[in-house]
Amino acid sequence: MAEKKVIAVVGATGAQGGGLVRAILADPDGGFAARAITRDPDSEKARELAALGAEVVVADVDDEASLQRAFAGAHGAFCVTFFWAHFSPEQEGEEAANMARAAKAAGVSHVIWSTLEDTREFVPLEDDRMPTLNGRYKVPHYDGKGQANHFFTDAGFPVTFLQTSFYWDNFIYFGMGPQRGDDGKLSITFPIGEGRVAGIASEDIGGAAYGIFKGGEQFIGKTVSIAGEHLTGAEMAAAFSDAIGEEVAFNAVSPEAYRGFGFPGAEDLGNMFQFTTEFEDSYCGARDIAASRALNPGLKSFEQWLDANAARVPIP
Ligand SMILES: NC(=O)c1ccc[n+]([C@@H]2O[C@H](COP(=O)([O-])OP(=O)(O)OC[C@H]3O[C@@H](n4cnc5c(N)ncnc54)[C@H](OP(=O)(O)O)[C@@H]3O)[C@@H](O)[C@H]2O)c1
(Lines give C-alpha, C1' and ligand atoms only; values in the text may rest on other atoms or scores of the structure.)
Protein backbone atom coordinates (compact mmCIF):
# COMPACT_ATOMS: atom_id res chain seq x y z
CA MET A 1 0.00 0.00 0.00
CA ALA A 2 1.21 3.53 -0.79
CA GLU A 3 2.57 5.49 2.14
CA LYS A 4 -0.12 7.47 3.92
CA LYS A 5 -0.28 11.23 3.45
CA VAL A 6 0.33 12.92 6.79
CA ILE A 7 -2.02 15.71 7.86
CA ALA A 8 -0.50 17.91 10.58
CA VAL A 9 -3.31 19.25 12.74
CA VAL A 10 -3.05 22.40 14.85
CA GLY A 11 -5.45 22.49 17.80
CA ALA A 12 -5.63 18.69 17.78
CA THR A 13 -6.68 18.46 21.42
CA GLY A 14 -9.46 20.99 20.79
CA ALA A 15 -12.78 21.07 18.97
CA GLN A 16 -11.95 21.66 15.32
CA GLY A 17 -8.57 19.92 15.17
CA GLY A 18 -9.77 17.06 17.37
CA GLY A 19 -12.65 16.36 15.00
CA LEU A 20 -10.22 16.22 12.10
CA VAL A 21 -7.81 13.85 13.87
CA ARG A 22 -10.68 11.54 14.79
CA ALA A 23 -12.11 11.67 11.24
CA ILE A 24 -8.74 10.66 9.77
CA LEU A 25 -8.24 7.86 12.29
CA ALA A 26 -11.78 6.57 11.78
CA ASP A 27 -10.96 5.90 8.12
CA PRO A 28 -7.86 3.69 8.23
CA ASP A 29 -8.11 2.85 4.52
CA GLY A 30 -8.50 6.50 3.52
CA GLY A 31 -4.81 6.99 2.74
CA PHE A 32 -4.19 9.66 5.39
CA ALA A 33 -2.39 9.65 8.74
CA ALA A 34 -2.96 12.13 11.57
CA ARG A 35 -0.21 14.15 13.22
CA ALA A 36 -1.69 15.81 16.30
CA ILE A 37 -0.03 19.07 17.33
CA THR A 38 -0.16 20.03 21.00
CA ARG A 39 1.82 22.09 23.46
CA ASP A 40 1.62 19.27 25.98
CA PRO A 41 2.00 15.70 24.77
CA ASP A 42 1.41 14.41 28.30
CA SER A 43 -2.08 15.88 28.67
CA GLU A 44 -4.97 13.47 28.91
CA LYS A 45 -6.37 14.61 25.54
CA ALA A 46 -3.02 14.23 23.79
CA ARG A 47 -2.61 10.74 25.25
CA GLU A 48 -6.12 9.83 24.09
CA LEU A 49 -5.22 10.85 20.52
CA ALA A 50 -1.99 8.84 20.68
CA ALA A 51 -3.95 5.82 21.91
CA LEU A 52 -6.28 6.16 18.92
CA GLY A 53 -3.27 6.03 16.58
CA ALA A 54 -2.25 9.67 16.06
CA GLU A 55 1.39 10.73 15.95
CA VAL A 56 1.67 13.41 18.64
CA VAL A 57 4.14 16.26 18.14
CA VAL A 58 4.82 19.45 20.09
CA ALA A 59 4.44 22.95 18.67
CA ASP A 60 3.03 26.34 19.63
CA VAL A 61 1.37 28.67 17.13
CA ASP A 62 3.37 31.53 18.65
CA ASP A 63 6.63 29.73 17.80
CA GLU A 64 7.24 29.51 14.05
CA ALA A 65 10.26 27.22 14.31
CA SER A 66 8.24 24.69 16.30
CA LEU A 67 5.52 24.79 13.63
CA GLN A 68 8.05 24.23 10.87
CA ARG A 69 9.30 21.12 12.66
CA ALA A 70 5.73 19.93 13.21
CA PHE A 71 4.78 20.45 9.55
CA ALA A 72 7.97 18.82 8.14
CA GLY A 73 7.18 16.00 5.73
CA ALA A 74 3.43 16.54 5.99
CA HIS A 75 1.18 16.49 2.93
CA GLY A 76 -1.40 18.73 4.58
CA ALA A 77 -1.74 21.16 7.46
CA PHE A 78 -4.89 22.22 9.29
CA CYS A 79 -4.39 25.71 10.70
CA VAL A 80 -6.60 27.33 13.34
CA THR A 81 -6.11 30.13 15.89
CA PHE A 82 -7.52 30.48 19.38
CA PHE A 83 -9.15 33.88 19.71
CA TRP A 84 -10.83 33.18 23.03
CA ALA A 85 -7.47 32.30 24.62
CA HIS A 86 -6.25 35.89 24.25
CA PHE A 87 -9.03 38.05 22.67
CA SER A 88 -6.51 39.59 20.26
CA PRO A 89 -7.13 39.78 16.50
CA GLU A 90 -3.57 41.08 16.12
CA GLN A 91 -2.19 37.98 17.83
CA GLU A 92 -4.37 35.79 15.60
CA GLY A 93 -2.80 37.53 12.62
CA GLU A 94 0.71 36.84 13.89
CA GLU A 95 -0.19 33.21 14.54
CA ALA A 96 -1.70 32.83 11.06
CA ALA A 97 1.44 34.35 9.55
CA ASN A 98 3.60 31.93 11.57
CA MET A 99 1.58 28.96 10.32
CA ALA A 100 1.59 30.16 6.70
CA ARG A 101 5.36 30.72 6.70
CA ALA A 102 6.01 27.40 8.42
CA ALA A 103 3.79 25.49 5.98
CA LYS A 104 5.48 27.17 3.04
CA ALA A 105 8.96 26.39 4.38
CA ALA A 106 7.97 22.78 5.04
CA GLY A 107 6.64 22.44 1.49
CA VAL A 108 3.14 21.38 2.57
CA SER A 109 0.93 20.56 -0.45
CA HIS A 110 -2.45 21.58 0.96
CA VAL A 111 -3.30 23.90 3.85
CA ILE A 112 -6.74 24.44 5.33
CA TRP A 113 -7.00 27.76 7.15
CA SER A 114 -9.98 27.91 9.49
CA THR A 115 -11.19 31.44 8.97
CA LEU A 116 -14.27 33.64 9.06
CA GLU A 117 -15.56 36.66 7.18
CA ASP A 118 -13.91 40.05 7.60
CA THR A 119 -17.19 41.71 8.53
CA ARG A 120 -15.81 45.17 7.64
CA GLU A 121 -16.33 44.22 4.00
CA PHE A 122 -20.06 44.23 4.85
CA VAL A 123 -20.17 46.86 7.59
CA PRO A 124 -17.43 49.46 7.10
CA LEU A 125 -15.98 50.98 10.27
CA GLU A 126 -17.79 54.27 9.65
CA ASP A 127 -21.15 52.45 9.56
CA ASP A 128 -22.61 53.16 13.00
CA ARG A 129 -25.28 50.46 13.01
CA MET A 130 -22.92 48.67 15.40
CA PRO A 131 -20.03 50.04 17.47
CA THR A 132 -16.45 49.82 16.27
CA LEU A 133 -14.48 47.70 18.76
CA ASN A 134 -10.80 48.04 19.72
CA GLY A 135 -10.68 51.06 17.39
CA ARG A 136 -10.60 49.02 14.17
CA TYR A 137 -12.94 46.05 14.17
CA LYS A 138 -16.63 45.34 13.99
CA VAL A 139 -16.45 41.64 14.98
CA PRO A 140 -12.89 41.19 16.26
CA HIS A 141 -12.89 37.37 16.28
CA TYR A 142 -14.11 37.34 12.66
CA ASP A 143 -12.21 40.30 11.26
CA GLY A 144 -8.83 39.17 12.59
CA LYS A 145 -9.19 35.82 10.84
CA GLY A 146 -10.49 37.30 7.60
CA GLN A 147 -7.74 39.90 7.43
CA ALA A 148 -5.14 37.14 7.95
CA ASN A 149 -6.27 35.22 4.83
CA HIS A 150 -3.71 37.01 2.72
CA PHE A 151 -0.80 35.43 4.59
CA PHE A 152 -1.81 32.14 3.00
CA THR A 153 -2.38 33.51 -0.50
CA ASP A 154 0.48 36.02 -0.73
CA ALA A 155 2.90 33.38 -2.01
CA GLY A 156 0.41 31.60 -4.26
CA PHE A 157 -0.06 29.16 -1.44
CA PRO A 158 -2.08 25.90 -1.91
CA VAL A 159 -4.78 26.83 0.59
CA THR A 160 -8.47 26.20 1.18
CA PHE A 161 -10.29 28.77 3.32
CA LEU A 162 -12.73 27.00 5.62
CA GLN A 163 -15.42 29.29 7.01
CA THR A 164 -17.01 27.69 10.06
CA SER A 165 -20.24 28.36 11.97
CA PHE A 166 -21.54 28.87 15.49
CA TYR A 167 -20.79 25.75 17.54
CA TRP A 168 -23.85 24.20 19.17
CA ASP A 169 -21.29 23.11 21.79
CA ASN A 170 -21.43 26.73 23.02
CA PHE A 171 -24.60 25.61 24.82
CA ILE A 172 -22.32 23.38 26.92
CA TYR A 173 -19.05 25.29 27.23
CA PHE A 174 -19.73 28.96 26.51
CA GLY A 175 -22.53 29.67 28.98
CA MET A 176 -25.13 29.96 26.23
CA GLY A 177 -27.38 27.16 27.49
CA PRO A 178 -30.88 27.68 28.90
CA GLN A 179 -31.09 30.03 31.89
CA ARG A 180 -33.89 30.00 34.46
CA GLY A 181 -35.68 33.29 34.90
CA ASP A 182 -37.26 34.73 38.04
CA ASP A 183 -40.49 33.10 36.90
CA GLY A 184 -38.76 29.70 37.07
CA LYS A 185 -38.97 29.21 33.32
CA LEU A 186 -36.08 28.29 31.06
CA SER A 187 -35.04 30.33 28.05
CA ILE A 188 -32.19 30.75 25.60
CA THR A 189 -31.19 34.30 24.69
CA PHE A 190 -29.90 35.57 21.37
CA PRO A 191 -30.07 38.99 19.66
CA ILE A 192 -31.35 37.56 16.39
CA GLY A 193 -35.08 38.36 16.35
CA GLU A 194 -36.64 36.01 13.84
CA GLY A 195 -33.34 35.49 12.03
CA ARG A 196 -31.50 32.23 11.54
CA VAL A 197 -28.17 31.15 13.00
CA ALA A 198 -25.89 28.93 10.93
CA GLY A 199 -24.79 26.35 13.50
CA ILE A 200 -22.79 23.16 13.56
CA ALA A 201 -21.62 20.40 15.89
CA SER A 202 -17.99 21.45 16.41
CA GLU A 203 -16.86 17.84 15.86
CA ASP A 204 -18.32 18.01 12.34
CA ILE A 205 -15.94 20.80 11.30
CA GLY A 206 -13.08 18.31 11.36
CA GLY A 207 -15.13 15.86 9.30
CA ALA A 208 -15.64 18.53 6.65
CA ALA A 209 -11.93 19.40 6.75
CA TYR A 210 -11.16 15.74 6.14
CA GLY A 211 -13.50 15.81 3.12
CA ILE A 212 -11.56 18.82 1.80
CA PHE A 213 -8.20 17.06 2.18
CA LYS A 214 -9.63 13.98 0.44
CA GLY A 215 -11.00 16.18 -2.36
CA GLY A 216 -7.54 17.75 -2.72
CA GLU A 217 -6.83 19.79 -5.83
CA GLN A 218 -10.45 20.78 -6.50
CA PHE A 219 -10.55 22.76 -3.24
CA ILE A 220 -7.24 24.60 -3.56
CA GLY A 221 -7.76 28.34 -3.81
CA LYS A 222 -11.42 27.94 -2.80
CA THR A 223 -13.45 29.20 0.14
CA VAL A 224 -15.63 26.47 1.63
CA SER A 225 -18.27 27.52 4.17
CA ILE A 226 -20.04 24.95 6.29
CA ALA A 227 -23.01 24.56 8.65
CA GLY A 228 -25.14 21.74 10.01
CA GLU A 229 -28.40 23.72 10.02
CA HIS A 230 -29.72 27.29 9.85
CA LEU A 231 -32.13 27.69 12.76
CA THR A 232 -34.19 30.48 14.30
CA GLY A 233 -34.03 31.06 18.03
CA ALA A 234 -37.57 29.71 18.33
CA GLU A 235 -36.57 26.51 16.48
CA MET A 236 -33.54 26.00 18.73
CA ALA A 237 -35.68 26.56 21.83
CA ALA A 238 -38.31 24.08 20.60
CA ALA A 239 -35.65 21.46 19.90
CA PHE A 240 -34.25 22.03 23.40
CA SER A 241 -37.71 21.61 24.93
CA ASP A 242 -38.11 18.24 23.20
CA ALA A 243 -34.62 17.12 24.15
CA ILE A 244 -34.78 17.94 27.87
CA GLY A 245 -38.49 17.40 28.44
CA GLU A 246 -39.06 20.90 29.84
CA GLU A 247 -40.24 23.95 27.99
CA VAL A 248 -37.48 26.29 26.85
CA ALA A 249 -38.54 29.66 25.47
CA PHE A 250 -36.64 31.86 23.07
CA ASN A 251 -35.77 35.23 24.57
CA ALA A 252 -35.06 37.69 21.77
CA VAL A 253 -33.06 40.71 22.89
CA SER A 254 -31.66 43.57 20.86
CA PRO A 255 -28.00 43.52 19.81
CA GLU A 256 -27.52 46.63 22.02
CA ALA A 257 -28.84 44.76 25.05
CA TYR A 258 -26.67 41.72 24.27
CA ARG A 259 -23.55 43.88 23.87
CA GLY A 260 -24.28 45.24 27.33
CA PHE A 261 -24.43 41.86 29.08
CA GLY A 262 -20.91 42.46 30.34
CA PHE A 263 -19.34 39.01 30.00
CA PRO A 264 -15.95 38.92 28.23
CA GLY A 265 -16.63 39.07 24.49
CA ALA A 266 -20.26 40.25 24.84
CA GLU A 267 -19.74 43.23 22.51
CA ASP A 268 -17.93 41.08 19.96
CA LEU A 269 -20.71 38.48 20.02
CA GLY A 270 -23.47 41.12 19.98
CA ASN A 271 -21.94 42.55 16.82
CA MET A 272 -21.47 39.05 15.41
CA PHE A 273 -25.12 38.11 15.83
CA GLN A 274 -26.21 41.45 14.40
CA PHE A 275 -23.93 40.87 11.40
CA THR A 276 -25.05 37.28 10.78
CA THR A 277 -28.71 38.30 11.10
CA GLU A 278 -28.56 41.43 8.94
CA PHE A 279 -26.56 39.59 6.26
CA GLU A 280 -28.38 36.31 6.72
CA ASP A 281 -28.98 35.71 3.02
CA SER A 282 -25.31 35.75 2.10
CA TYR A 283 -24.05 34.35 5.42
CA CYS A 284 -26.39 31.35 5.56
CA GLY A 285 -26.50 31.16 1.76
CA ALA A 286 -22.74 30.54 1.64
CA ARG A 287 -23.03 27.85 4.33
CA ASP A 288 -24.97 25.37 2.24
CA ILE A 289 -26.13 22.35 4.24
CA ALA A 290 -26.17 19.86 1.35
CA ALA A 291 -22.66 20.87 0.29
CA SER A 292 -21.50 20.58 3.91
CA ARG A 293 -23.01 17.08 4.09
CA ALA A 294 -21.30 16.12 0.82
CA LEU A 295 -17.97 16.91 2.50
CA ASN A 296 -18.94 15.17 5.72
CA PRO A 297 -21.68 12.55 5.29
CA GLY A 298 -21.96 12.23 9.09
CA LEU A 299 -22.95 15.91 9.48
CA LYS A 300 -25.38 16.22 12.38
CA SER A 301 -28.61 18.18 12.54
CA PHE A 302 -29.27 20.16 15.75
CA GLU A 303 -31.72 17.47 16.84
CA GLN A 304 -29.07 14.77 16.36
CA TRP A 305 -26.55 16.89 18.21
CA LEU A 306 -29.01 17.33 21.08
CA ASP A 307 -29.74 13.57 21.16
CA ALA A 308 -26.05 12.99 21.77
CA ASN A 309 -25.28 16.04 23.93
CA ALA A 310 -28.35 17.49 25.68
CA ALA A 311 -27.43 15.68 28.90
CA ARG A 312 -24.14 17.64 28.94
CA VAL A 313 -25.83 21.05 28.70
CA PRO A 314 -25.95 22.57 32.19
CA ILE A 315 -29.60 23.19 33.10
CA PRO A 316 -29.98 25.43 36.20
N1 LIG B 1 -17.11 28.74 19.54
C2 LIG B 1 -17.64 28.92 18.33
O3 LIG B 1 -18.86 28.93 18.13
C4 LIG B 1 -16.73 29.13 17.16
C5 LIG B 1 -17.30 29.09 15.88
C6 LIG B 1 -16.47 29.28 14.77
C7 LIG B 1 -15.10 29.50 14.97
N8 LIG B 1 -14.59 29.52 16.23
C9 LIG B 1 -13.15 29.77 16.39
O10 LIG B 1 -12.51 28.55 16.70
C11 LIG B 1 -11.22 28.88 17.19
C12 LIG B 1 -10.80 27.89 18.23
O13 LIG B 1 -10.83 26.58 17.73
P14 LIG B 1 -11.30 25.37 18.64
O15 LIG B 1 -12.69 25.69 19.14
O16 LIG B 1 -11.07 24.14 17.89
O17 LIG B 1 -10.31 25.50 19.87
P18 LIG B 1 -10.39 24.79 21.29
O19 LIG B 1 -11.37 23.67 21.31
O20 LIG B 1 -10.47 25.86 22.30
O21 LIG B 1 -8.99 24.06 21.33
C22 LIG B 1 -7.88 24.72 21.53
C23 LIG B 1 -6.74 23.70 21.49
O24 LIG B 1 -5.70 24.32 20.81
C25 LIG B 1 -4.53 24.25 21.50
N26 LIG B 1 -3.88 25.55 21.64
C27 LIG B 1 -4.27 26.63 22.33
N28 LIG B 1 -3.34 27.59 22.24
C29 LIG B 1 -2.34 27.09 21.48
C30 LIG B 1 -1.11 27.59 21.02
N31 LIG B 1 -0.66 28.81 21.39
N32 LIG B 1 -0.35 26.81 20.23
C33 LIG B 1 -0.75 25.58 19.88
N34 LIG B 1 -1.90 25.04 20.30
C35 LIG B 1 -2.68 25.80 21.08
C36 LIG B 1 -4.84 23.65 22.86
O37 LIG B 1 -4.17 22.44 22.87
P38 LIG B 1 -2.93 22.09 23.83
O39 LIG B 1 -3.26 22.65 25.17
O40 LIG B 1 -2.95 20.59 23.76
O41 LIG B 1 -1.73 22.68 23.19
C42 LIG B 1 -6.35 23.39 22.85
O43 LIG B 1 -6.70 22.06 23.15
C44 LIG B 1 -11.32 30.30 17.74
O45 LIG B 1 -10.43 31.16 17.08
C46 LIG B 1 -12.77 30.70 17.52
O47 LIG B 1 -12.90 32.06 17.15
C48 LIG B 1 -15.37 29.31 17.32
Side-chain angles (χ1 to χ4, degrees), residues 8-23 35-50 54 56-67 69-71 77-96 98-99 102 112-119 137 139-148 161-177 190 197-209 225-228 236 264-265 268-269 271-273 275-276 283 287 292 302 305:
V9 182
V10 174
T13 56
Q16 298 191 27
L20 173 56
V21 170
R22 284 182 285 277
R35 182 181 291 167
I37 297 174
T38 175
R39 294 165 301 174
D40 178 8
D42 295 321
S43 72
E44 201 180 317
K45 285 184 175 174
R47 284 171 186 271
E48 274 171 24
L49 296 177
V56 174
V57 303
V58 174
D60 190 310
V61 292
D62 295 309
D63 175 355
E64 187 180 335
S66 74
L67 289 167
R69 286 192 296 275
F71 290 167
F78 179 79
C79 297
V80 57
T81 45
F82 311 101
F83 179 85
W84 302 107
H86 47 62
F87 291 78
S88 166
E90 294 80 15
Q91 189 171 336
E92 281 195 292
E94 285 164 24
E95 293 167 349
N98 286 342
M99 289 187 279
I112 295 178
W113 160 231
S114 179
T115 188
L116 287 164
E117 285 87 345
D118 185 336
T119 64
Y137 303 102
V139 184
H141 79 285
Y142 273 52
D143 302 346
K145 292 179 179 66
Q147 76 179 5
F161 298 105
L162 178 62
Q163 295 192 143
T164 59
S165 291
F166 175 82
Y167 302 174
W168 292 323
D169 310 67
N170 293 332
F171 288 119
I172 304 175
Y173 302 112
F174 220 84
M176 291 189 182
F190 292 105
V197 173
I200 194 164
S202 66
E203 182 78 7
D204 283 344
I205 295 172
S225 309
I226 54 171
M236 287 191 277
D268 188 329
L269 292 173
N271 282 7
M272 175 192 81
F273 284 119
F275 161 69
T276 59
Y283 188 81
R287 288 163 169 77
S292 303
F302 187 48
W305 181 84

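Just so you know, ligand 1 is whichever comes first in the structure, and atom 1 is the first atom listed for that ligand.
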What atoms of ligand 1 come within less than 4.0 Å of a heavy atom belonging to [X]?
{"X": "Asp60", "result": "30 (C), 31 (N), 32 (N), 33 (C)"}
{"X": "Glu92", "result": "45 (O)"}
{"X": "Thr164", "result": "6 (C), 7 (C)"}

Looking only at protein heavy atoms, which one is nearest to [atom], and what is the separation?
{"atom": "atom 47 (O) of ligand 1", "answer": "Lys145 NZ, 2.7 Å"}
{"atom": "atom 42 (C) of ligand 1", "answer": "Thr13 OG1, 3.6 Å"}
{"atom": "atom 19 (O) of ligand 1", "answer": "Ala15 N, 2.8 Å"}
{"atom": "atom 34 (N) of ligand 1", "answer": "Phe82 CE1, 3.7 Å"}
{"atom": "atom 39 (O) of ligand 1", "answer": "Arg39 NH2, 2.9 Å"}
{"atom": "atom 40 (O) of ligand 1", "answer": "Thr38 OG1, 2.5 Å"}
{"atom": "atom 44 (C) of ligand 1", "answer": "Thr81 O, 3.3 Å"}
{"atom": "atom 21 (O) of ligand 1", "answer": "Gly14 CA, 3.2 Å"}

For ligand 1, is any non-hydrogen atom under 4.0 Å from [X]'s backbone (N, CA, C, O), its side chain (CB onward), both, or neither?
{"X": "Phe174", "result": "neither"}
{"X": "Lys45", "result": "neither"}
{"X": "Asp169", "result": "neither"}
{"X": "Ser202", "result": "neither"}

Distance-only side-chain donor-acceptor flag, Tyr142 / Gln163, under 3.5 Å: no

Check: Ser114/Gln16 side-chain N/O donor and acceptor closer than 3.5 Å: yes

contact_flag Ser165 ligand 1 heavy-atom lt 4.0 Å: yes

Close approach, Glu95 and ligand 1, non-hydrogen under 4.0 angstrom: no

Within-cut-off N or O pair, Phe83 and ligand 1, under 3.5 Å: yes

Heavy-atom nearest neighbour of atom 32 (N) of ligand 1 within options Ile37, Val61, Asn170, Val10: Val61

Residue selection (non-hydrogen contact nearest atom 8 (N) of ligand 1) among Tyr167, Tyr142, Trp168, Trp84: Tyr167

